[in-house]
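The analysis underlying the following values was restricted to heavy atoms, covering all of them including side chains, and did not include hydrogens, waters or symmetry mates. Letters go in sequence order (proteins before strands), and every chain restarts at 1. These numbers were taken from a predicted model, which means no experiment stands behind them.
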Amino acid sequence: MTSPPYPRRPEAAPELPGLKPGGIAARARAAMTPSAPDAAYLTGLNPEQREAVETLDGPLLVLAGAGTGKTRVLTARVAHILATGRAFPSQILVVTFTNKAAREMKERIHAMVGDQIEGMPWLGTFHSIGVRILRRHHELVGLKSGFTILDTDDQIRLLKQLLAAENIDEKRWPARLLASTIDGWKNRGLSPKDVPPGEGAVFANGKGGMLYAAYQARLKALNAVDFGDLLLEGIRLFRENPDVLAEYHRRFKYLLVDEYQDTNVAQYLWLRLLAQGSKNVCCVGDDDQSIYGWRGAEVDNILRFESDFPGAKVIRLERNYRSTGHILASAAHLIAHNEGRLGKTLFSEGEEGEHVTVTGAWDSGEEARAVGEEIEALQRAGHKLSEIAILVRASFQMREFEDRFVTLGLPYRVIGGPRFYERAEIRDALAYLRCVNSPADDLAFERIVNVPKRGIGDATVKQVHDVARAAGVPLQEAARVLTQSEELKPKVRATMRGLIEAFDRWREQSRTLSHTELAEIVLDESGYTEMWQKDRSAEAAGRLENLKELVRSMEPFENLAGFLEHISLVMDTDNGAGEDAVQVMTLHSAKGLEFDTVFLPGWEEGLFPHQRALDEQGKAGLEEERRLAYVGITRARASARIWFASNRRIHGMWNSTVPSRFLDELPDAHVRVEESRGGVGWGGSAYGGGYGGGSYGQSRFDRAEPFAASSYSTPGWQRAQGQRSREGGGSRSGFSERPGGRFDAGAAGRRGGPTVIEGTLVASSTGAPSTFRTGERVFHIKFGYGEITGIDGNKLTVQFDKAGEKRVLEAFVERV
DNA sequence: GTGTCTCTCCTTTTT
DNA sequence: GGAGAGACAC
């Protein structure tokens with residue numbers, strides 16, 4: 001162990017010593033006797049935290065800013081409820097958003113109360129608790145026992161079939177769009193009959209509502225539910241069966257909800273129904289960290305809390321234990337630009353620490369190189385890599401960092417990203433197992449009927465479908481019937497029969513063999529493993545490795561059904577945790593985490609704030625992006641390092657960018673602008689140069705490379721400058737000083753603004769034929785000299801002397 | 001039925 | 001620069 005790289009401030013609470021299990025009664029007595037010393041879980045709590053822990057009766061809303069010890073309050077509260085003997089472990093409902101949060105909560109409660117945690121079945125995500133309830137009462141919502149939970153993939157395939165059946169052009173109305181539309185309705189607690197007709201008509205010329213209803217009918221027929229149904233059906237269950245609801249009212253004496261700002265309407269309704277029993281509901285949240293509006297989260301749920309639960313007490317936690325002064329001040333100043341917030345003032349009594357730094361890189365490659373160097377320097381100085389995180393806005397940004405780290409041999413770990421259970425080979429393998437487990441799983445059967453290729457193509461599958469529909473039986477059964485008739489060609493018939501018999505055999509074996517042995521047999525005998533063994537592509541080895549990992553991950557489960565249930569809800573695996581590696585993840589998945597050093601790359605208009613958020617959500621979108629920035633900065637304990645690149649490749653083409661407006665919203669006094677040490681550096685800028693003369697990196701602009709200066713005379717660049725100065729007018733504090741300004745305008749008005757990544761602007765505004773000709777010599781600021789070999793509108797194909805052939809926008813080259 | 005080529009469109013975040 | 005869908009040849 002190296003010494004801690006950063007001094008922990010004295011306020012930082014020491015780790016709570018775990019209470020020894022046993023002696024509940026004694027502890028309860030101790031806790032209830034006024035003169036008794038504090039129970040261990042109470043030590044180190046500040047007065048507000050303590051109040052939040054000890055206010056057990058009635059509704060309570062805890063507004064907890066970033067790093068104010070919110071999880072600590074929740075876990076201590078559970079410990080307190082148990083220690084005071086107010087409820088049994090099984091009478092406490094604790095709901096979190098992510099599996100990760102649930103896991104962490106479980107561990108921390110375990111550390112406080114010991115084995116009592118074993119008796120807490122109602123600690124989990126909204127969805128996992130939702131399934132648990134539905135499984136117990138499946139018959140009341142029209143489901144058979146053992147219903148399956150569809151993943152997104154299944155959902156899309158099902159919708160595609162529906163669209164095809166309705167002769168709807170999938171090009172124009174993609175299944176994916178329908179899926180997210182339906183999802184949106186479900187998030188708002190709307191079943192097909194509740195969807196406002198006008199809204200239902202938006203999709204596919206009025207067929208949206210009908211498709212939703214048809215989809216639900218198909219789900220029922222398949223004895224399946226999707227994610228949204230886990231809550232929606234639960235709500236229906238409670239509403240239609242007051243006796244069932246009453247049972248849960250009796251059961252849950254205390255309800256605790258984490259990350260309340262992220263709840264959507266369906267979750268809110270579900271929760272409200274349950275909370276009407278004991279009314280001892282405690283919600284913990286932070287409106288400034290609401291970053292899931294795009295998937296239906298309603299910050300309003302926080303605002304509604306007091307009216308929904310009359311007499312609710314509100315406690316604010318504002319003392320930050322995590323970050324140093326400069327970091328906290330930067331985050332606070334930034335988030336103050338948001339109008340729609342409850343308003344909290346975070347403070348810390350810690351030292352000022354390091355300034356937040358802002359550094360410009362020439363391009364995304366240099367950004368990655370420079371960050372890599374800084375990380376190596378930190379490593380040499382004794383910092384642990386696992387205390388360093390790179391938080392990106394969009395996952396495509398990760399690649400460049402990964403490439404760089406691979407080159408450097410720097411251990412890193414991508415959190416989130418393409419998830420294990422979403423990989424094609426894992427899904428295929430699971431589909432086989434699902435077919436064994438439940439012969440009626442049509443979607444699984446369809447997925448693997450011709451994987452590996454067996455000569456069963458679309459035409460045959462359609463035949464099977466027809467038989468299934470006519471006879472009202474599952475596909476597997478229909479296939480069996482078909483093989484007994486003369487309708488299939490002999491070869492196909494033999495193959496199909498072989499497959500059906502294999503499934504029968506595996507099902508038989510599943511009675512005697514362990515589920516891991518069974519999985520190995522299924523994968524081998526189906527030819528699936530062989531398919532990848534024969535595959536000579538680069539990923540094949542990794543895929544085989546993943547299959548082995550899949551079998552290994554089945555071990556802890558009792559049986560196949562248990563495993564399948566688990567993975568439908570928990571889409572991540574927890575492997576690789578604990579090793580010393582740089583953590584790379586999106587800002588979204590960083591919520592709730594903290595690190596000593598946080599790198600925040602890609603602060604450029606269009607990327608962050610993301611163009612799409614602005615286009616689709618306007619001002620609300622911008623504010624959510626700003627909250628995301630706030631979340632990012634507040635993840636850092638001691639060092640927050642923001643980066644932006646002047647050039648970034650988007651859709652494979654280089655685009656020049658404009659630094660994020662969020663940079664302008666950081667307070668001067670707490671931020672230091674640094675120069676990139678690597679490469680050509682940041683050769684010019686939007687920032688400062690002709691723009692308010694801000695204090696940022698002034699020296700830099702005075703000596704832009706000569707070629708850079710000339711390149712900045714391109715039309716696109718001047719346009720950006722124009723936009724920028726018209727917009728900014730010398731003010732550094734951003735748009736909030738311009739109330740009712742351009743961000744209230746419609747999406748169309750925003751298009752031409754500085755939010756546009758420059759290249760996009762040029763690309764969309766140049767309709768005229770190119771003034772360049774093939775064979776001309778040109779200069780590009782990144783790639784140097786080259787010769788034009790092809791022209792496509794305003795896109796040029798250039799054979800560069802050094803960089804090879806590239807496609808570039810004509811606005812970024814000039815004749816030589 | 002399968003393999004291969006080209007074209008288009010896209011690329012935020014996730015239970 | 002990458003995935004997915006459609007067209008076309010075998």
Measure from [atom1] on [X] to [atom2] on [N] and round the result to the nearest Å.
{"X": "A:L177", "N": "B:dC10", "atom1": "CG", "atom2": "P", "answer": "11 Å"}
{"X": "A:D229", "N": "B:dT15", "atom1": "CG", "atom2": "P", "answer": "18 Å"}
{"X": "A:Y292", "N": "B:dT14", "atom1": "OH", "atom2": "C1'", "answer": "6 Å"}
{"X": "A:F97", "N": "B:dT15", "atom1": "CZ", "atom2": "P", "answer": "10 Å"}
{"X": "A:Q155", "N": "B:dT15", "atom1": "CD", "atom2": "P", "answer": "14 Å"}
{"X": "A:Q261", "N": "B:dT15", "atom1": "CD", "atom2": "C1'", "answer": "15 Å"}
{"X": "A:Q267", "N": "B:dT14", "atom1": "CD", "atom2": "C1'", "answer": "11 Å"}
{"X": "A:F227", "N": "B:dT14", "atom1": "CZ", "atom2": "P", "answer": "13 Å"}

Give me, pair by pair, the N or O atoms of the protein and of nucleotides 2-10 of chain C that are less than 3.5 Å apart, along with how far apart they are.
residue: C:dA5; atom: OP1; partner: A:K160; partner atom: NZ; Å: 2.7

Row check, A:F401 ring normal vs A:R404 NZ/CZ: under 6.0 Å, within 45°: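 No; the conditions do not both hold, so A:R404 does not lie above the ring face of A:F401.
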Cation-pi, A:F147 ring and A:R135 (6.0 angstrom, 45 degrees):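 Flagged: A:R135 positioned over aromatic ring of A:F147.
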Counterpart residues, side-chain hydrogen bond (donor to acceptor under 3.5 Å, both in side chains), relative to A:R447 (two or more places apart):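 Applying side-chain hydrogen bond (donor to acceptor under 3.5 Å, both in side chains) to A:R447 gives A:D153, A:D428.
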Non-neighbouring partners of A:T483 that pass side-chain hydrogen bond (donor to acceptor under 3.5 Å, both in side chains), sequence neighbours left out: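 Once residues adjacent in sequence are excluded, A:T483 has no partner under the side-chain hydrogen bond (donor to acceptor under 3.5 Å, both in side chains) criterion.
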Touch class at under 4.0 angstrom, heavy-atom based, for A:H127 against every strand present: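 Base contact - A:H127 has a heavy atom under 4.0 Å of at least one base atom.
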Touch class at under 4.0 angstrom, heavy-atom based, for A:F126 against every strand present: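 Answer is nothing: A:F126 stays at 4.0 Å or more from every strand.
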A:D154: partners by salt bridge (Lys or Arg N to Asp or Glu O under 4.0 Å), with sequence neighbours left out: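 Testing A:D154 for salt bridge (Lys or Arg N to Asp or Glu O under 4.0 Å), a comparison that skips the adjacent residues, returns A:R157, A:R434.
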For A:E624, all residues meeting salt bridge (Lys or Arg N to Asp or Glu O under 4.0 Å), sequence neighbours excluded: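 Salt bridge (Lys or Arg N to Asp or Glu O under 4.0 Å) check on A:E624 returns A:R627.
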Below 4.0 Å: OP1/OP2 of B:dT15 and any side-chain N or O of A:S568: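 Negative; the distance criterion is not met.
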Distance test, side-chain N/O of A:T460 to OP1/OP2 of B:dG1, below 4.0 Å: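 Affirmative; the distance criterion is met.
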Any pair counted as side-chain hydrogen bond (donor to acceptor under 3.5 Å, both in side chains), so long as it reaches residues 455-465 of chain A, sequence neighbours left out: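 Sorted pair list: A:K462-A:D466.
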Summary of salt bridge (Lys or Arg N to Asp or Glu O under 4.0 Å) pairs that have at least one residue in residues 265-275 of chain A, sequence neighbours excluded: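 Matches after skipping sequence neighbours: A:R272-A:D308.
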Pairwise C1' distance for B:dT13 and C:dG4, with rounding to whole Å: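 22 Å, rounded to whole Å.
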For A:Y215, ring pair (Phe, Tyr, Trp, His ring centres under 6.0 Å) partners two or more places apart: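 For A:Y215 there are no ring pair (Phe, Tyr, Trp, His ring centres under 6.0 Å) partners, ignoring immediate neighbours.
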Protein N or O to nucleotides 2-6 of chain B N or O, pairs below 3.5 Å:
residue: B:dT2; atom: OP1; partner: A:G455; partner atom: N; Å: 2.9
residue: B:dT2; atom: OP2; partner: A:N450; partner atom: ND2; Å: 3.3

Residue mapping more 5' on DNA chain B - nearest nucleotide basis, A:V492 or A:H588: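 Here A:V492 is the residue nearer the 5' end.
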